[in-house]
Amino acid sequence: CINTALTTITYSTTGATGATITGLPAGVTGSWASNVVTISGTPTASGTYTYTITLTGGCGTITATGTITVTPDNTITLSSAAGTNAQTKCINTGITNITYSTTGATGATVTGLPAGVSGSWSSNTVTISGTPTVSGAFTYTVALSGGCGTVSATGTITVTPDNTITLSSAAGTNAQTKCINTAITTITYSTTGATGATVTGLPAGVSGSWASNTVTISGTPTVSGAFTYTVALNGGCGNISTTGTITVTPDNTITLSSAAGTNAQTKCINTGITNIT
């Protein structure tokens, strides 16, 4: 491998008074002393090198050749779209596939992924895919195996949890009964993750709003009836909503049901009145 010392190569010579060695990779040198040629060093360039040893002095034109093949370090390069190696997804939503092209390696391991997401290597390509089932910020590492060098790449997958909504006013305020034209007890919900909320199904005179992670429902109902309201969160993750009821009771009524005028009658003493109902 490049930047890895080669095993020393030696040749014994007779008759020569020296030798020249050519064709060696950068970082590797050859020398002659005491009838021995020695080739050693650490190659700093990759490629296939055929070296030649030519003896000097003595008799004859004598040479020997050999090869040193220097393998470059493995490489890993993001091959999916820019930014896919640093993505944010909602929980239980498939990630955008992340791929890396590799050279030199015979395999790869991927660690640090969220549950539900996995990585594999095949045909010089690492593929990371799946649907995360837990939330959090995950830094993954792709480490190549085989070939040369200690080569790896990292990325992040941030998994956002689903929004939440929780009643924060007193228990039972989300199922209250009020007289018409009487203010309701204010209803509040705490939210996480959302960037807003819509409230539907309220009686006239009552309204709902969202601010600073709180839904507030308040007002004075001007119509009677049983109203089921829905609070639906906007933004963030998940299709999150909750419901409650506001029952508005109409004012009492009283109506004369006996004959007209029975509520204004004149009778002699000791004489029964006409019943008034």
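When a residue number appears, it is its place in the shown sequence, counting from 1.
Side-chain atoms of Gln176 do not come within 3.5 Å of backbone N or O of Thr247 as any donor-acceptor pair. No donor-acceptor pair under 3.5 Å is formed between the side chain of Thr102 and the backbone N or O of Ile76.
Atoms OG and CG, on Ser190 and Asn213 in that order, are 8.0 Å from each other to the nearest 0.5 Å. Rounded to the nearest 0.5 Å, atoms OG1 (Thr84) and CG (Asn97) are 9.0 Å apart. For the atom pair CD1 (Ile91) and SG (Cys237), the distance works out to 9.0 Å, reported to the nearest 0.5 Å. One distance of note links OG1 of Thr185 with CD1 of Ile187; it measures 8.0 Å at 0.5 Å rounding. With rounding to the nearest 0.5 Å, the separation of OG1 in Thr156 from CD1 in Ile98 is 8.5 Å. We find the CG-OG1 distance between Asp251 and Thr249 to be 9.5 Å, quoted to the nearest 0.5 Å.
At least one side-chain heavy atom of Thr38 sits less than 4.5 Å from a side-chain heavy atom of Thr8.
Listed here is the closest heavy atom pair of Val215 and Val199: CG1-CG2, 4.0 Å. Between Ser218 and Thr186, the shortest heavy-atom distance links the atoms CB-OG1, 3.8 Å. When all heavy atoms of Val231 and Ala197 are compared, the closest pair comes out as CG1-CB, 4.3 Å. Here the closest non-hydrogen pair linking Thr222 and Gly205 is OG1-N, 4.2 Å. Across every non-hydrogen atom of Gly236 and Asn163, the tightest pair is CA-OD1, 3.5 Å. Taking both residues in full, the closest heavy atoms of Leu202 and Tyr229 are given as CD2-CB, 3.6 Å, listed atom of the first, atom of the second, then distance.
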task: Give the intermediate values and the outcome of side chain to side chain contact (heavy atoms under 4.5 Å, CB included) for residues Thr96 and Lys89.
output: CA-CA 9 Å; Thr96 302; Lys89 289 291 181 178; 3.6 Å; yes

field: Working for side chain to side chain contact (heavy atoms under 4.5 Å, CB included), residues Thr245 and Asn174
entry: CA-CA 6 Å; Thr245 59; Asn174 58 338; over 6 Å; no

- request: Please step through side chain to side chain contact (heavy atoms under 4.5 Å, CB included) for the pair Ile184 and Ile217, ending with a clear verdict.
  value: CA-CA 9 Å; Ile184 69 167; Ile217 300 172; 4.1 Å; yes

message: Set out, in order, the CA-CA distance, both residues' side-chain angles and the distance that settles side chain to side chain contact (heavy atoms under 4.5 Å, CB included) for Leu167 and Ser169, then state yes or no.
response: CA-CA 6 Å; Leu167 183 70; Ser169 52; 3.4 Å; yes

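A donor atom on one side chain and an acceptor atom on the other are found under 3.5 Å apart for Thr103 and Thr75. Looking only at atom types and distance, the side chain of Ser168 has a donor-acceptor partner in the side chain of Thr188 under 3.5 Å away.
Phe138 and Tyr100 fall within the same hydrophobic cluster, where Ile, Leu, Val, Met, Phe, Trp and Tyr residues are linked whenever their side-chain heavy atoms come under 4.5 Å apart, directly or through other members.
Applying the under-4.5 Å side-chain rule to Ile, Leu, Val, Met, Phe, Trp and Tyr, the cluster around Trp32 extends to Ile2, Leu6, Ile9, Tyr11, Ile21, Leu24, Val28, Val37, Ile39, Tyr49, Tyr51, Ile53, Leu55, Ile62, Ile68, Val70.
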